[in-house]
Number of protein chains: 2
Amino acid sequence: MSQKPTGDAPAVTTDWELKRQHILRCAAEVFLRRGYERGTTKEVAQLAGLSQPSIYHYVGSKADLLSALAEHAGRVLSDGLDEAIASTDEPVDRLKAIIRNFIMGQIENIGAWTLYWEEHHSIPAATALTMNTSKARFVHRIDDVVKQCQQCGALPDDTPSGILTEIMLGAIANIYRWYRNDGRYPDEQIVTGAYSLFGLTKVGTSDE
Amino acid sequence: MSQKPTGDAPAVTTDWELKRQHILRCAAEVFLRRGYERGTTKEVAQLAGLSQPSIYHYVGSKADLLSALAEHAGRVLSDGLDEAIASTDEPVDRLKAIIRNFIMGQIENIGAWTLYWEEHHSIPAATALTMNTSKARFVHRIDDVVKQCQQCGALPDDTPSGILTEIMLGAIANIYRWYRNDGRYPDEQIVTGAYSLFGLTKVGTSDE
DNA sequence: CCTACCGATCGGTAGG
DNA sequence: CCTACCGATCGGTAGG
């Protein structure tokens, strides 16, 4: 078990916590390069400048590393959704804010995001369960906005909202697979490209 | 090494070949349920009704199983692309045919397709290399059609074709993650939903 | 935070 | 196509 140090320390970033996060970053790098199963705790330790057993002072098991990383990715996305929904009342603008935040949050955190998808069958069952319910809630909240966009004519209403939602979210969730940090496709252009493709350019003050 | 039986047998399906394909199907099931690394050759053998070492009469290594499955998924998709391109000269109809074949090919072969994505960092380097070049060619050919659709006004031309192509293909490549075989979303509705969302409903005989 | 080490798993081979 | 088995890897613990 990880040996969280004594006391009821508040949100203070202790030395222990800082080192733990350093190890997490190293684990992300190893798992990304080699995959979770092939990547060893020894490699993580080496990258962090520790012996392999020392990792267990900061983490209860190898699987904990992956859980922590996946949960972090989920938290970033979920926070972005809250912010987007709070930013405006107008459905189309809201959907556009959701798309923007989703894309940006993914790109800023592309490592954890990639791990969440590529290694999700190695995520411990307990973590996977809570993350799946979070994800279902996430999709459902967005689906509500999509329905409103259909009502005001900004999205086609000849298709169930669920299909549109999944296609749009799928397109965005997949960006990590082709995104390159070389400036070929600037982030902003990806966002506005998604708006254009989904027909979300004009404001949705329905006049049809 | 796998012991392909004697002779210069043509495309005849020998007993050996039939059993090999049976083992491949079992491997797909095991790898899907457990992941490639966690799934063992023993589990594959049990499911196929063999002892673990017997698998090596049909396959050179555990990794060969994954290679064969991934290559099969790639071939199905590539064939679908050829067919779609051959089906018509008109860019918008061509893009729609591509989307339809991509979606249908993926759904018909959802197991191999899932493995290709979820386990692609376990695919042997040699196989991965050739598949990556095939994939690049695949994307490039579709990008040409997308460019034509932009020129005739069927797709927005304020965004580089590459972004549109990647977003559309990403949306489709991701369907396996939410597709359920319970009829909630009929295949045909997914296809037409994609058309609608991407604004491909009207024929592209440009009159703008 | 380290050295030493254990226990278990698993892919693949030998040899028939 | 099987039994027997090897070699190597690796997560985690002991004990300091």
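To find a chain, count down the sequence lines: A is the first, B the second, and so on, and within it residues start at 1.
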Taking only the side-chain nitrogens and oxygens of [X], find out if one of them lies under 4.0 Å from OP1 or OP2 of [N].
| X | N | result |
| --- | --- | --- |
| Tyr58(B) | dC1(D) | yes |
| Thr41(A) | dG11(D) | yes |
| Ser54(B) | dC2(D) | yes |
| Lys19(B) | dC1(D) | yes |

Item to check | Of Arg34(A) and Leu50(B), the one whose closest DNA chain D nucleotide lies more 5' | outcome: Leu50(B)

Checklist entry - Looking at Phe102(B) versus Trp113(B), is the centre-to-centre ring distance below 6.0 Å? => result yes

For the pair made of [atom1] in [X] and [atom2] in [N], what is the distance, rounded to whole Å?
| X | N | atom1 | atom2 | answer |
| --- | --- | --- | --- | --- |
| Glu37(A) | dG11(C) | CD | C1' | 15 Å |
| Lys42(B) | dT9(C) | NZ | P | 9 Å |
| His57(B) | dC1(D) | NE2 | P | 8 Å |
| Glu43(B) | dT9(C) | CD | C1' | 12 Å |
| Trp16(B) | dC1(D) | CH2 | P | 12 Å |

Closest nucleotide among [options] to the [X] side chain:
| X | options | value |
| --- | --- | --- |
| Pro53(A) | dT3(C), dT3(D), dG11(C) | dT3(C) |
| Gln52(B) | dC1(D), dG12(C), dT3(C) | dG12(C) |
| Ser61(B) | dT3(C), dC2(D), dG12(C) | dG12(C) |

Checklist entry - Is there a side-chain contact between Glu119(A) and Ile123(A), using heavy atoms and a 4.5 Å cut-off? => result no

Checklist entry - CZ of Arg34(B): more than 12 outside heavy atoms within 6.0 angstrom? => result yes

Item to check | Distance in Å, Ile163(A) CD1 paired with Asp158(A) CG, rounded so as to fall on 0.5 Å steps | outcome: 10.0 Å

Next on the checklist: For Leu164(B) versus Pro156(B), what's the shortest heavy-atom pair and its separation?
Outcome noted: CD1-O, 3.5 Å

Next on the checklist: As a quick check of understanding, evaluate side chain to side chain donor-acceptor pair (under 3.5 Å) for Glu17(A) and His22(A), giving each step before the final call.
Outcome noted: CA-CA 9 Å; Glu17(A) 183 59 31; His22(A) 172 61; over 6 Å; no

Checklist entry - Are Asp82(B) and Arg141(B) within salt-bridge range, i.e. N to O under 4.0 Å? => result yes

Next on the checklist: Given a 3.5 Å cut-off on both pairing distances, which stems involving DNA chain D, each at least three consecutive Watson-Crick or G-U pairs, are present, if any?
Outcome noted: C:1-16 with D:1-16

Next on the checklist: Base, sugar-phosphate or nothing for Ser51(A)? Non-hydrogen atoms, less than 4.0 Å.
Outcome noted: base

